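Inspection log for the structure reproduced underneath, given as structure tokens.
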Amino acid sequence: MTTFSVKQMRLLTMYKGSLVTMEAQSALSFQRSGAPRQFSNHGAASARSSTLEDIYPKFTNPQPSFTSGAVGHIFSSSSGMSSDFHYSSVISHSNISEKAPFVSQSSGILQSTSSQYMKETNNSSWCTDSLPDFFDYPQNAPIQSSNLEHSIMPSEDLLDYPQNTVIQSSSLEHSILPSEDFGKQSDWQEWTDQLINEGDALTPDWNDILIDTNIVDPEPKMAYHVGGSSTNSMQAQPLISQSSGEACLPLTATPCASGSQSKPRMRWTPELHEAFVEAVNKLGGSEKATPKGVLKQMKVEGLTIYHVKSHLQKYRTARYRPEPSLEGPLEKKTSVEDLSSLELKTGLEITEALRLQMEVQKRLHEQLEIQRNLQLRIEEQGRYLQMMFEKQCNSGTDKLTAPSSTELPSLQANPNEPGPDPVVGPFDEGTSKSGPDVSQPAKRAKVNK
Amino acid sequence: MKFGKRLKQHVEETLPGWRDMYLNYKDLKKLVRLISSSLEYGKSEAEFVYLLNNEIDKFNMFFMEQEEDFIIRHKELQQRIKRVNESEPSSQEEYEEEMSRIRKDIVDFHGEMVLLVNYSNINYTGMAKILKKYDKRTGGLLRLAFIQKVLEQPFFTTELVSKLVKECETTIDELFPTAMVAVELKDATITMVGEGIFRNTVAALMTMKEIRNGSSTQSHFSLPALSLPDTELIRSFQLNSPIPSI
């Protein structure tokens with residue numbers, strides 16, 4: 001094992017600590033969940049988990065390997081570096097000890113297991129979720145094989161973002177072939193089949209959901225979010241309709257027990273809040289209304305009393321202390337003083353100052369939106385390039401020229417217009433448009449606003 | 001360490017309750033250095049990813065919490081305006097007073113929401129950078145795939161908050177009586193710039209510009225430099241403000 005300096009050890013222990021906390025909690029959850037599949041694989045995994053034992057000593061006892069935070073990936077031996085076939089899951093962690101952990105409910109993709117989980121979720125405390133990750137490993141065989149073994153975490157692995165679901169199912173399929181190391185292939189097959197079947201059915205909905213439309217949905221929507229976790233349909237599914245994407249992202253996550261009382265972290269929407277307010281008003285106002293009553297009145301599936309309770313609390317605070325800002329004590333003093341000094345200034349001056357403030361803020365927001373769009377495009381392009389690169393690799397050496405007209409979300413165009421530009425792939429020679437690397441700096445000048 | 005410095009500065013200047021919610025860029029950078037010298041690659045990557053995921057959770061939690069608050073406050077402000085306009089005011093003066101309070105509140109509210117979007121963006125930028133560093137140092141290929149996941153996270157999907165911001169702007173336009181006259185830097189303005197939200201938004205804007213000022217490792221994954229027409233004006237806010245901003 002590498003020798004680390006004191007400082008380095010400190011850093012290591014820092015997250016080792018949080019890792020251990022998380023495992024202890026997840027250990028409980030696994031005992032509770034009773035999902036047989038999870039245990040079926042760990043046997044194989046733990047037998048071979050030699051490398052990780054040094055750092056994750058807790059795993060020497062029968063605990064599912066998923067909690068090791070290990071990055072598992074299924075490496076397809078057929079291709080050199082195909083991210084398509086990579087599949088890894090990392091379990092996350094949240095600072096459970098300090099904050100309300102993320103509670104998550106299992107993915108609706110796995111209908112059979114999810115119902116199991118669901119029964120237990122309502123009153124139990126779950127925490128965080130696994131974060132299935134996709135990444136490529138370099139050609140480092142020994143490590144890969146050990147990681148392969150640790151990648152057997154069916155329930156977590158399969159809980160993934162909607163649009164990745166389909167990819168996942170295919171990657172799982174492919175992954176089963178080269179990996180004879182897997183103890184229980186039959187389990188994998190089952191999971192995969194499920195995934196494929198569910199995935200197709202669910203993806204279209206998710207595609208709608210994830211499109212950023214501004215269609216206001218009159219019905220209250222339920223949106224769960226668990227940090228870093230993928231999304232799930234569950235009972236939230238029926239309520240999810242074509243509306244603003246972010247509001248409807250379903251939830252998912254890996255069941256993971258936590259010591260403290262945890263409630264599922266939900267993402268509120270204005271529509272949901274409207275329904276909430278209506279319910280509260282029907283019950284006689286924010287003071288009179290009880291969480292239970294509101295919950296009943298709202299009739300939103302998947303909404304728990306914890307959600308309502310905390311929301312009600314916030315609501316009451318907002319009503320009786322209008323505009324509580326996040327100012328600290330120092331700032332509060334300033335604003336009190338300024339209030340009196342402001343009164344001395346003319347109304348016009350104040351208004352003008354406010355206008356100026358608005359201008360700055362609007363400007364900031366505008367720039368943020370632009371920046372965000374650029375960032376999205378950059379990644380989209382990167383993804384595209386990666387895909388092209390892999391296609392080149394896979395299609396063999398006789399095909400050196402990339403397809404002549406392909407749609408590429410080009411950064412060279414106006415960032416606000418997603419117009420497809422026929423851009424040639426990286427291997428093409430002698431074309432009018434140069435490759436992305438070369439042209440970007442020059443063309444970027446146009447992009448600047 | 002340009003971004004790191006900028007981030008640190010930003011965090012110091014930011015709203016108090018937010019200071020702990022930003023990316024631990026410095027620590028992650030240290031870890032990347034650690035990992036690049038470590039021999040046990042697979043383990044290290046797992047640990048690194050684990051930490052990153054922790055950060056993501058932190059962002060998500062904070063972001064969603066704030067978002068929920070914004071939804072509530074947004075509605076409340078609208079109610080408040082409605083109430084003031086509909087109820088019979090005792091006197092014109094009181095009406096004016098309340099309106100002026102509302103105006104201030106709503107402008108600050110707008111600013112706070114924008115600051116949350118800024119929060120989201122800065123953390124995303126930091127993540128992208130640290131991933132890039134990781135790949136560079138370890139020769140790994142973590143970045144591309146991981147960032148895809150980050151893009152989908154609640155904290156980065158800021159559409160709702162942006163929508164609220166725009167709605168706020170509409171409301172504000174209705175509240176502010178006359179068209180905007182020539183903006184001069186009067187004393188009132190300068191004092192106000194020194195206060196809370198306004199100071200933060202000005203600072204955020206300047207920080208953004210500086211973060212994006214051409215880096216040494218510009219690639220097709222980098223953002224172009226930010227050009228603001230009234231950079232000088234905005235910068236002068238900072239210089240003139242009574243509260244020194246470093």
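Everything quoted here is computed from the prediction, not taken from an experiment. Quick note on labels: first sequence line is chain A, next is B, and so on, each numbered from 1.
Within a 6.0 Å radius of CD in Gln78(B), other residues, nucleotides and ligands contribute more than 12 heavy atoms.
Leu205(B) and Val360(A) make their closest contact through CD2-O, 4.0 Å (heavy atoms, listed as atom of the first residue, atom of the second, distance). The shortest non-hydrogen separation linking Met64(B) to Met266(A) is SD-O, 4.4 Å. For the residue pair Glu67(B) and Trp268(A), the shortest heavy atom distance occurs at OE1-O, 4.3 Å.
Here the straight-line distance linking atom CE of Met358(A) with atom NE2 of His110(B) works out to 4.0 Å at 0.5 Å rounding. Taking CD of Glu76(B) as the start and OG1 of Thr317(A) as the end, the distance is 11.0 Å to the nearest 0.5 Å. Going from atom CG of Leu364(A) over to atom CE of Met206(B) covers 11.5 Å, rounded to the nearest 0.5 Å. Atoms CG and NE2, from Leu115(B) and His365(A) in turn, are 11.0 Å apart once rounded to the nearest 0.5 Å. Between the CG atom in Asn118(B) and the CG atom in Leu368(A) there is a gap of 5.0 Å [rounded to 0.5 Å]. Atom CZ of residue Arg319(A) and atom CZ of residue Arg73(B) lie 15.0 Å apart, to the nearest 0.5 angstrom.
Ile72(B) touches chain A through backbone and side chain together, each having a heavy atom under 4.5 Å away. At a 4.5 Å heavy-atom cutoff, Phe155(B) makes no contact with chain A through either its backbone or its side chain. With a 4.5 angstrom heavy-atom cutoff, Glu65(B) touches chain A via backbone and side-chain atoms both. For Val117(B), the parts lying near chain A are the backbone and the side chain together; criterion is any non-hydrogen pair under 4.5 Å. Residue Phe70(B): no heavy atom, backbone or side chain, is found under 4.5 Å from chain A.
Checking Glu369(A) against Thr158(B) by side-chain atom types alone, no donor-acceptor pair falls below 3.5 Å. Thr157(B) and Arg267(A) share a side-chain donor-acceptor pair at under 3.5 Å.
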Any chance you could lay out the side-chain contact (heavy atoms from CB on, under 4.5 Å) test for Ile197(B) and Gln357(A), step after step, and finish with the verdict?
CA-CA 9 Å; Ile197(B) 302 287; Gln357(A) 182 175 350; 4.2 Å; yes

Run the side-chain contact (heavy atoms from CB on, under 4.5 Å) check on Gln375(A) and Leu151(B) step by step: do they pass?
CA-CA 9 Å; Gln375(A) 285 163 337; Leu151(B) 288 174; 5.6 Å; no

Could you please spell out the steps behind the side-chain contact (heavy atoms from CB on, under 4.5 Å) verdict for Phe276(A) and Ile71(B)?
CA-CA 12 Å; Phe276(A) 171 85; Ile71(B) 291 175; over 6 Å; no

Go through the steps to decide whether Gln361(A) and Val107(B) satisfy the test side-chain contact (heavy atoms from CB on, under 4.5 Å), and finish with yes or no.
CA-CA 9 Å; Gln361(A) 286 169 187; Val107(B) 171; 4.0 Å; yes

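A 4.5 Å side-chain heavy-atom check between Glu379(A) and Leu144(B) finds at least one atom pair inside the cut-off. Counting heavy atoms from C-beta outward, Gln371(A) and Thr125(B) have side chains that approach closer than 4.5 Å.
Counting heavy-atom pairs closer than 4.5 Å to chain A, the top residue among Ser100(B), Cys168(B), Ser162(B), Gly111(B) is Ser162(B).
Salt bridge annotation for Glu159(B)-Arg372(A): present, with a cationic side-chain nitrogen under 4.0 angstrom from a carboxylate oxygen. Between Glu366(A) and Lys166(B) no salt bridge is recorded (no basic side-chain N to carboxylate O distance below 4.0 Å).
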